[in-house]
**Student:** 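Provided herewith is a single structure, encoded as structure tokens, for subsequent inquiry.
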Amino acid sequence: MGFKRLLASMGAGGASVETELTELNVVPGGVVQGEVRIQGGSVDQQIEGLSVGLQARVEVEGTDQETKQDIEFTKLRLGGAFEVKAGAVHVVPFGLEIPWETPITMFAGQHLRGMNIGVTTELEIARALDSGDLDPINVHPLPAQQAILDAFGQLGFGFRSADMERGHIRGTRQRLPFYQEIEFFPPQQYRGLNQVELTFVADDREMDVVLEMDKKPGLFSEGSDSYRAFKVGLNDYQGTDWSAYLNQWLAQVGGQRNWL
């Protein structure tokens with residue numbers, strides 16, 4: 001079980017707050033369940049509001065450099081105002097829906113380095129807001145996403161890195177203010193490519209799959225980026241040989257160096 005201790009900023013004698021997640025492993029479109037436990041202090045205290053949400057640490061492009069920003073991308077208010085009596089325990093269970101666009105944080109059974117997504121807890125006390133630490137969750141790929149990832153592995157592509165970037169990809173169903181890029185380095189047969197970046201943008205029926213291919217420079221030409229986007233149904237993806245599908249146009253873009 002995931003477990004984090006949060007201490008509300010209520011001064012001496014104040015209540016303490018703990019958030020416990022029942023299950024850390026989720027998928028986009030799923031639900032993370034848990035409970036917030038408020039242990040009363042030495043005095044009665046009025047709680048004006050309690051909420052949980054999902055937060056991601058994303059990269060923001062600046063004029064000179066990249067910076068990191070914590071973005072809360074969904075929030076659930078847990079009831080209204082209530083009082084915590086001195087010494088009493090107040091337990092609030094919750095089920096927080098995971099948006100379909102939520103980036104994955106797990107790949108091939110390993111946590112993707114740099115992926116920082118988790119549950120936050122906020123407590124409103126006397127017009128003040130107390131935010132707790134982040135309780136990390138493990139977001140695993142949907143079966144349709146796993147099929148695409150497996151196809152890259154079957155073609156010999158190796159995982160390089162992953163990040164989340166603030167911005168919007170035109171022409172997709174994107175609603176969140178950021179998106180994920182999963183970077184692969186190509187095998188020798190795609191020698192015209194430096195790397196391939198993969199992005200999933202899903203809803204409850206299908207997903208946009210966006211690929212950005214970084215081409216190597218040729219003798220008389222500079223390197224360039226090539227894009228490809230297609231849709232995959234979340235429930236009917238099994239009928240396609242994704243390795244063959246991806247190879248057909250990856251080979252066209254990166255099968256040879258552009259020497260001329």
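Note that this is a predicted model, so its numbers are computed, not measured.
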**Student:** If you measure from OG1 on T22 to CD on E35, what distance do you get to the nearest 0.5 Å?
**Tutor:**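 Reported to 0.5 Å precision, the distance equals 6.5 Å.
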
**Student:** For N116, enumerate each residue passing the side-chain hydrogen bond (donor to acceptor under 3.5 Å, both in side chains) test, keeping only those at least two apart in sequence or located in another chain.
**Tutor:**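 Scan of N116 (side-chain hydrogen bond (donor to acceptor under 3.5 Å, both in side chains), adjacent residues dropped) gives none.
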
**Student:** Going through the checks in order, is the ring pair (Phe, Tyr, Trp, His ring centres under 6.0 Å) test met by F107 and F159?
**Tutor:** CA-CA 9 Å; F107 178 73; F159 171 74; 5.5 Å; yes

**Student:** Quick check on the hydrophobic clustering: are V52 and I47 connected, directly or via other members, by side-chain heavy-atom contacts under 4.5 Å?
**Tutor:**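 Yes, same cluster.
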
**Student:** Could you list the residues that satisfy side-chain hydrogen bond (donor to acceptor under 3.5 Å, both in side chains) with E66, not counting sequence neighbours?
**Tutor:**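 E66 satisfies side-chain hydrogen bond (donor to acceptor under 3.5 Å, both in side chains) with no other residue.
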
**Student:** Considering all heavy atoms of both residues, which atom of L149 and which atom of P141 are nearest to each other, and what is their separation?
**Tutor:**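 L149 and P141 have their closest heavy atoms at CD1-CG, 3.9 Å.
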
**Student:** Given the rule that I, L, V, M, F, W and Y join up when any side-chain heavy atoms are under 4.5 Å apart, are F185 and M213 in one cluster?
**Tutor:**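 In one cluster: no.
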
**Student:** Show the nearest heavy-atom pair for residues L21 and P136, with the distance to one decimal.
**Tutor:**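 Heavy-atom minimum between the residues: CD1-O, 4.0 Å.
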
**Student:** So, taking the atom named CZ in R37 and the one named CD in E18, what distance separates them when rounded to the nearest 0.5 Å?
**Tutor:**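 These two atoms lie 7.0 Å from each other.
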
**Student:** Could you work out, with side-chain hydrogen bond (donor to acceptor under 3.5 Å, both in side chains) as the rule, every residue matching E59, not counting sequence neighbours?
**Tutor:**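 Applying side-chain hydrogen bond (donor to acceptor under 3.5 Å, both in side chains) to E59 gives K68.
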
**Student:** Any idea which heavy atoms bring M164 and P103 closest together, and the distance?
**Tutor:**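 The answer is SD-CG, 3.7 Å.
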
**Student:** For Y245 and F230: C-alpha separation, side-chain torsions, deciding distance, then whether ring pair (Phe, Tyr, Trp, His ring centres under 6.0 Å) applies.
**Tutor:** CA-CA 11 Å; Y245 180 84; F230 54 93; 5.1 Å; yes

**Student:** Stepwise, does the side chain to side chain donor-acceptor pair (under 3.5 Å) test hold for S161 with E183?
**Tutor:** CA-CA 5 Å; S161 64; E183 299 181 6; 3.1 Å; yes

**Student:** Assess whether side-chain contact (heavy atoms from CB on, under 4.5 Å) is satisfied between L246 and L211, documenting all intermediate values.
**Tutor:** CA-CA 10 Å; L246 293 172; L211 294 178; 4.1 Å; yes

**Student:** Can you name the closest pair of heavy atoms from P99 and L54 and give their distance?
**Tutor:**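 The answer is CD-CD1, 3.7 Å.
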
**Student:** Rounded to the nearest 0.5 Å, how far does CG of L76 lie from OG of S51?
**Tutor:**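 Spacing of OG (S51) from CG (L76) equals 8.0 Å.
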
**Student:** Taking salt bridge (Lys or Arg N to Asp or Glu O under 4.0 Å) as the definition, give me every residue that meets it alongside R228, ordered by chain and number, with sequence neighbours left out.
**Tutor:**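 Once residues adjacent in sequence are excluded, R228 has no partner under the salt bridge (Lys or Arg N to Asp or Glu O under 4.0 Å) criterion.
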
**Student:** Listing request: all ring pair (Phe, Tyr, Trp, His ring centres under 6.0 Å) pairs with a residue in residues 84-106, at least two apart in sequence or in separate chains.
**Tutor:**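 Ring pair (Phe, Tyr, Trp, His ring centres under 6.0 Å) check on residues 84-106 returns F82-H90.
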
**Student:** For F157 and L250, what are the C-alpha separation, side-chain angles and deciding distance, and is it a side-chain contact (heavy atoms from CB on, under 4.5 Å)?
**Tutor:** CA-CA 11 Å; F157 283 80; L250 281 170; 3.8 Å; yes

**Student:** When you group the ILVMFWY residues by side-chain heavy-atom contacts below 4.5 Å and let the links chain together, are I148 and Y179 in the same group?
**Tutor:**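 Hydrophobic grouping puts Y179 apart from I148.
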
**Student:** Before you tell me yes or no, could you show the steps for E72 and T120 under side chain to side chain donor-acceptor pair (under 3.5 Å), namely the whole-Å CA-CA distance, both residues' side-chain angles and the distance that decides it to 0.1 Å?
**Tutor:** CA-CA 8 Å; E72 187 177 59; T120 59; 3.3 Å; yes

**Student:** Between atom CD of Q145 and atom NE2 of H140, what is the distance when rounded to the nearest 0.5 Å?
**Tutor:**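 Interatomic distance, Q145 CD to H140 NE2, rounded to 0.5 Å: 12.5 Å.
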
**Student:** Are V201 and I117 in one and the same hydrophobic cluster, where Ile, Leu, Val, Met, Phe, Trp and Tyr link if side-chain heavy atoms are under 4.5 Å apart?
**Tutor:**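 Hydrophobic grouping puts V201 apart from I117.
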
**Student:** side-chain contact (heavy atoms from CB on, under 4.5 Å), that's the test. Do Y190 and L193 meet it? Break it down for me.
**Tutor:** CA-CA 6 Å; Y190 305 106; L193 292 176; 4.1 Å; yes

**Student:** Could you tell me whether a side-chain N or O of H168 sits under 3.5 Å from a main-chain N or O of Q174, the two making a donor and an acceptor?
**Tutor:**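 At least one qualifying donor-acceptor pair exists.
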
**Student:** Stepwise, does the side-chain contact (heavy atoms from CB on, under 4.5 Å) test hold for V119 with L134?
**Tutor:** CA-CA 6 Å; V119 176; L134 192 72; over 6 Å; no

**Student:** Report the residues that fulfil salt bridge (Lys or Arg N to Asp or Glu O under 4.0 Å) with K85, sequence neighbours left out, ordered by chain and then residue number.
**Tutor:**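 Salt bridge (Lys or Arg N to Asp or Glu O under 4.0 Å) list for K85, sorted by chain: D44, E83.
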
**Student:** Parallel, tilted or perpendicular, judged at 30° and 60°: which one describes the rings of F73 and F178?
**Tutor:**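 Rings of F73 and F178: perpendicular, as their planes differ by over 60°.
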
**Student:** Got I104 and I182 here, is their nearest side-chain heavy-atom distance under 4.5 Å?
**Tutor:**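 Yes - at least one pair of side-chain heavy atoms lies under 4.5 Å apart.
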
**Student:** Are V36 and L24 connected into the same hydrophobic cluster when the rule is that any two of I, L, V, M, F, W, Y join if their side-chain heavy atoms are below 4.5 Å apart?
**Tutor:**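 Yes.
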
**Student:** Checking V26 now: which residues fulfil side-chain contact (heavy atoms from CB on, under 4.5 Å) with it, not counting sequence neighbours?
**Tutor:**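 Partners of V26 under the side-chain contact (heavy atoms from CB on, under 4.5 Å) test: V32, I98, I137, V139.
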
**Student:** Nearest 0.5 Å, what's the CG-CD1 distance between L123 and I38?
**Tutor:**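 Going from the CG atom of L123 to the CD1 atom of I38 covers 5.0 Å.
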
**Student:** Apart from V89 itself, what residues make up its hydrophobic cluster when side-chain heavy atoms of I, L, V, M, F, W and Y under 4.5 Å apart count as a link, directly or indirectly?
**Tutor:**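 Result for V89 is V91.
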
**Student:** Within the structure provided, determine whether E197 and Q180 are in side-chain contact (heavy-atom separation under 4.5 Å).
**Tutor:**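 Side chain of E197 against side chain of Q180, heavy atoms only: no contact under 4.5 Å found.
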
**Student:** Give every donor-acceptor pair under 3.5 Å between a side-chain atom in residues 232-242 and any protein atom, sequence neighbours left out.
**Tutor:**
unit_1: D241; atom_1: OD1; unit_2: S243; atom_2: N; d: 3.3
unit_1: D241; atom_1: OD1; unit_2: A244; atom_2: N; d: 3.2
unit_1: W242; atom_1: NE1; unit_2: Y237; atom_2: O; d: 3.0

**Student:** Scan for salt bridge (Lys or Arg N to Asp or Glu O under 4.0 Å) pairs involving residues 156-178, sequence neighbours excluded, and state none if there are none.
**Tutor:**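 Pairs touching residues 156-178 that pass the test: R173-D203, R173-E206, R173-D208.
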
**Student:** Should Q195 and E212 count as side-chain neighbours, where that means a heavy-atom distance under 4.5 Å?
**Tutor:**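 Not in contact.
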
**Student:** Can a donor-acceptor pair be found between the side chains of Q39 and S16 at a distance below 3.5 Å?
**Tutor:**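 Side chains of Q39 and S16: no pair found under 3.5 Å.
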
**Student:** On a heavy-atom basis, which atom in L112 and which in A162 lie closest, and how many Å separate them?
**Tutor:**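 Nearest heavy atoms, L112 then A162: CD1-CB, 4.1 Å.
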
**Student:** Could I get the full list of side-chain hydrogen bond (donor to acceptor under 3.5 Å, both in side chains) partners for E97, not counting sequence neighbours?
**Tutor:**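 E97 satisfies side-chain hydrogen bond (donor to acceptor under 3.5 Å, both in side chains) with no residue once adjacent residues are dropped.
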
**Student:** Whether the E48 and Q46 side chains hold a donor-acceptor pair (N or O, under 3.5 Å, no angle test) is what I'd like checked.
**Tutor:**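 There is no such pair (donor and acceptor under 3.5 Å, judged by atom type) between the side chains of E48 and Q46.
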
**Student:** How about T172 and V210: do any of their side-chain heavy atoms sit closer than 4.5 Å?
**Tutor:**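 Of all side-chain heavy-atom pairs linking V210 with T172, at least one is under 4.5 Å.
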
**Student:** Ignoring hydrogens, what is the shortest heavy-atom contact between L142 and P28? Give both atom names and the distance.
**Tutor:**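 Shortest heavy-atom separation between L142 and P28 comes out as CD2-O, 3.3 Å.
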
**Student:** Once side-chain hydrogen bond (donor to acceptor under 3.5 Å, both in side chains) is applied, what residue pairs with a partner in residues 101-111 remain, sequence neighbours excluded?
**Tutor:**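 Residue pairs passing side-chain hydrogen bond (donor to acceptor under 3.5 Å, both in side chains), neighbours aside: none found.
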
